[in-house]
Number of protein chains: 2
Amino acid sequence: MKHDVSPDSIPPRGHEAKRASIMDAAGAVFCRESFAGANIDMIAAEAGVSRQTIYNHHGDKEKLFVAIVRDLTERCNAGIFATISTFPDQPKDLEADLIAFAVRMTRNCICSRDGKFLRKLIQTEGERYPELFAEWRELGPGRTWPAIAARFARLAHAGFLDIEDPDVAARQFQALANAELQTTFMLGGTPTDDEVLQSATHGVRTFLRAFAKRQPAADAQKHSALAGA
Amino acid sequence: MKHDVSPDSIPPRGHEAKRASIMDAAGAVFCRESFAGANIDMIAAEAGVSRQTIYNHHGDKEKLFVAIVRDLTERCNAGIFATISTFPDQPKDLEADLIAFAVRMTRNCICSRDGKFLRKLIQTEGERYPELFAEWRELGPGRTWPAIAARFARLAHAGFLDIEDPDVAARQFQALANAELQTTFMLGGTPTDDEVLQSATHGVRTFLRAFAKRQPAADAQKHSALAGA
DNA sequence: GACGAATTAGACAAGAGTGTCTAAATTTAT
DNA sequence: ATAAATTTAGACACTCTTGTCTAATTCGTC
């Protein structure tokens with residue numbers, strides 16, 4: 001019998017390494033080849049694992065696929081929320097801070113390995129697994145958009161921006177920041193750091209032309225940050 | 001021997017009906033199932049044609065796929081240029097006219113059957129056929145973006161907008177117009193007319209907050225449309 | 001070092017899909 | 001009507017893939 005030191009029957013340690021290796025490889029292969037085009041032997045080879053081990057861990061191809069999507073959704077969500085937490089609530093230089101935030105968002109969440117994989121899987125297989133991707137929609141965009149919108153609302157309330165609808169503004173911010181990367185994303189490519197910075201810079205400038213407080217009049221506005229801590 | 005009335009040996013008339021039927025069905029099936037997931041029997045059934053006929057027309061699955069992508073690219077390009085030609089060069093009501101244009105763009109080019117299919121195929125198989133999709137990139141975005149940018153440049157030159165870089169403005173216009181439809185597009189869905197109008201309206205308003213001529217001062221600007229015909 | 005659990009290679013049956021071939025039926029134009 | 005071209009259904013060989021099974025091996029732990 002086993003010691004069972006941990007709460008729930010946790011299988012040996014080495015397992016987890018294999019498991020992670022399988023998840024990584026399966027994500028990559030499903031992403032590259034699509035569900036139908038991927039085959040278990042490819043995944044096994046890429047994971048450095050025997051085919052049987054994959055069946056031992058996940059049962060069958062479809063269960064494996066579902067596990068991958070759930071895993072990617074979780075990991076991406078974590079990344080997105082981590083990045084949202086770096087939103088400039090008390091910006092020193094509004095433009096520079098928003099550009100930096102936009103770049104972080106694009107690099108860490110959209111261009112990241114997980115981000116790229118999840119996006120591709122959603123685009124490719126979304127229609128085939130309605131309930132799975134409905135789940136993603138709720139847990140992903142359904143939670144992240146309000147969180148981003150709330151940050152913009154705060155920024156507006158603190159007097160830095162002139163926003164009517166924070167939800168719309170949040171989506172437009174993201175759209176503007178990535179406006180010049182669309183074609184690259186379409187083809188599954190990864191933009192260079194320079195391209196990301198360019199697009200973010202142009203996007204944020206336009207965003208601020210639209211939403212920055214209109215008449216700075218005197219400096220009365222600037223110091224009226226009574227919404228602070 | 002045949003009359004050979006037309007320039008190059010044109011096969012019988014009825015062929016074309018079958019050919020078109022095959023293209024339609026193949027586009028739909030490839031889009032729905034991805035290249036690897038699609039099978040010829042499915043396409044044959046959906047086209048109301050025997051499997052052998054498909055092989056007679058196109059040789060093999062891959063050649064058929066390439067033919068589909070080329071066909072869709074051409075048709076979409078035609079649609080995009082047709083829509084671009086309705087760009088409001090001499091707008092009566094700038095906001096209303098740009099909103100209407102944005103809606104046409106989204107409905108006719110992005111939400112259209114061909115647009116949806118082409119987009120999905122590019123996203124799904126783009127990495128697998130680099131040269132084919134490089135071709136698309138040149139003939140598609142490579143030609144349409146400059147065309148749209150040129151229209152915005154004209155509008156700016158005519159005094160309606162305050163734009164520094166028309167290429168950037170064109171991409172941002174498009175990004176803003178579809179900002180609220182991204183999640184729907186991701187999952188392969190088609191937004192309602194209402195959603196399209198909403199997103200376009202919000203997008204154009206933001207676009208104009210950023211790029212409308214700043215100080216309308218008198219009405220001097222409005223009538224200085226000396227860039228006209 | 002010895003035990004039990006997990007992993008491995010390989011063979012295997014079953015099923016599905018591609019692309020070819022044939023002979024019959026259908027269409028099209030003369 | 002007749003002749004040529006095209007389409008069709010079905011059978012076919014071939015390949016690939018899935019998922020299972022077995023026996024040998026390796027790994028982690030005591």
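Labels below follow one simple rule: chain letters A, B, ... track the order of the sequence lines, proteins then strands, and each chain is numbered from 1.
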Open item on the list: Can a side-chain donor-acceptor contact be found between N56(A) and Q52(A) if the only test is distance below 3.5 angstrom?
Closed with: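 On atom types as modelled, these side chains qualify, holding a pair under 3.5 Å.
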Starting at atom [atom1] of [X], determine the distance to atom [atom2] of [N], rounded to an integer number of angstrom.
X      : N       : atom1 : atom2 : result
E16(A) : dA6(C)  : CD    : C1'   : 13 Å
N39(A) : dG17(C) : CG    : P     : 15 Å
E33(A) : dT17(D) : CD    : P     : 10 Å
N56(B) : dA4(D)  : CG    : P     : 19 Å
D60(A) : dT18(D) : CG    : P     : 11 Å
R51(B) : dG10(D) : CZ    : C1'   : 9 Å
Q52(A) : dT22(D) : CD    : C1'   : 10 Å
I54(A) : dT20(D) : CD1   : C1'   : 15 Å

Could you tell me whether the phosphate oxygens of [N], OP1 or OP2, come under 4.0 Å of any side-chain nitrogen or oxygen in [X]?
X      : N      : result
T53(A) : dT8(C) : yes
K18(A) : dT8(C) : yes
H57(A) : dA6(C) : no

Open item on the list: Angle between ring planes, F30(A) versus F35(A), binned at 30° and 60°: parallel, tilted or perpendicular?
Closed with: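 Taking F35(A) first and then F30(A), their aromatic rings lie parallel (interplane angle under 30°).
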Task: W136(B) and F133(B) aromatic ring geometry - parallel, tilted or perpendicular at 30°/60° bounds - done: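 Answer is perpendicular, since the angle exceeds 60°.
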- [ ] Find out whether the Lys NZ or Arg CZ of R119(A) is both under 6.0 angstrom from the six-membered ring centre of F185(A) and within 45° of the ring's axis.
- [x]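 Yes, a cation-pi geometry.
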Task: Touch class at under 4.0 angstrom, heavy-atom based, for A44(A) against every strand present - done: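 Result for A44(A) = nothing.
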Open item on the list: At 4.0 Å (heavy atoms only), tell me whether A38(B) reaches a base, stays on the sugar-phosphate, or touches nothing.
Closed with: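 Sugar-phosphate contact only - A38(B) comes under 4.0 Å of backbone atoms but never of a base.
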